[in-house]
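Following: one structure in structure tokens, then a few remarks.
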Amino acid sequence: MNEGIAILILAAGPSSRMGQPKQQLLVDGKSLLLNTVEIALASGAEKILVVLGSQGEVHHQLLKEIDVE
């Protein structure tokens, strides 16, 4: 584990120009948000922080079983 290193994932935007939440777009069968979090976890960082905003409760459900704040 990389002690003292934290990763901040900013996933709060409404994706208004796209017309649908980017966080939920599928990449290799998983949401973009879940893929991003899994990559961050694989880095060995001590802490992963995810900032949710627009549709935060929906996105929170995608991450409820994962060890992120």
Side-chain angles (χ1 to χ4, degrees):
M1 180 174 291
N2 292 319
E3 292 185 35
I5 295 178
I7 294 176
L8 177 62
I9 298 171
L10 302 175
S15 307
S16 57
R17 291 177 293 175
M18 180 167 266
Q20 64 180 356
K22 282 185 257 186
Q23 299 90 331
Q24 296 174 16
L25 289 177
L26 295 181
V27 177
D28 296 329
K30 293 183 193 170
S31 71
L32 183 59
L33 178 57
L34 186 57
N35 270 323
T36 303
V37 168
E38 287 179 350
I39 290 167
L41 287 168
S43 75
E46 184 175 343
K47 185 181 284 192
I48 310 296
L49 304 164
V50 182
V51 178
L52 301 175
S54 179
Q55 298 191 15
E57 186 56 39
V58 172
H59 301 137
H60 184 266
Q61 291 300 312
L62 295 172
L63 304 175
K64 67 182 179 182
E65 304 287 325
I66 301 174
D67 187 24
V68 296
E69 293 181 33

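Positions are given from 1 along the sequence.
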Subject >> Single-linkage hydrophobic cluster Leu62~Leu41, side-chain heavy atoms < 4.5 angstrom >> reply: yes
Original post:
Listed by chain and number, what are the salt bridge (charged side-chain N to carboxylate O under 4.0 Å, His left out) partners of Glu69, not counting sequence neighbours?
Top reply: Lys47
Original post:
With sequence neighbours left out, what residues match Ala45 under side chain to side chain contact (heavy atoms under 4.5 Å, CB included)?
Top reply: Ile5, Ile7, Ser43, Ile48
**OP:** Tell me, please, which residues at least two apart from Glu38 pass salt bridge (charged side-chain N to carboxylate O under 4.0 Å, His left out).
**Re:** Lys30
Subject >> Side-chain (Gln23) to main-chain (Gly13) donor-acceptor, under 3.5 angstrom >> reply: yes
Subject >> Sequence neighbours excluded - salt bridge (charged side-chain N to carboxylate O under 4.0 Å, His left out) pairs with any residue from residues 7-24 >> reply: none
Original post:
Between His59 and Pro21, is any pair of side-chain heavy atoms under 4.5 Å apart?
Top reply: yes
Subject >> Within one Ile-Leu-Val-Met-Phe-Trp-Tyr cluster: Leu52 and Val68, side-chain cutoff 4.5 Å >> reply: yes
Original post:
Distance from Leu33 atom CG to Ile9 atom CD1, nearest 0.5 Å?
Top reply: 7.0 Å
Original post:
By side chain to side chain contact (heavy atoms under 4.5 Å, CB included), which residues pair with Val51, not counting sequence neighbours?
Top reply: Leu8, Leu10, Ala12
Subject >> Residues that Gln20 engages under side chain to side chain contact (heavy atoms under 4.5 Å, CB included), provided they are two or more places apart >> reply: Met18, Leu25
Original post:
Hey, does Ile66 have a side-chain heavy atom less than 4.5 Å from the side chain of Leu34?
Top reply: yes
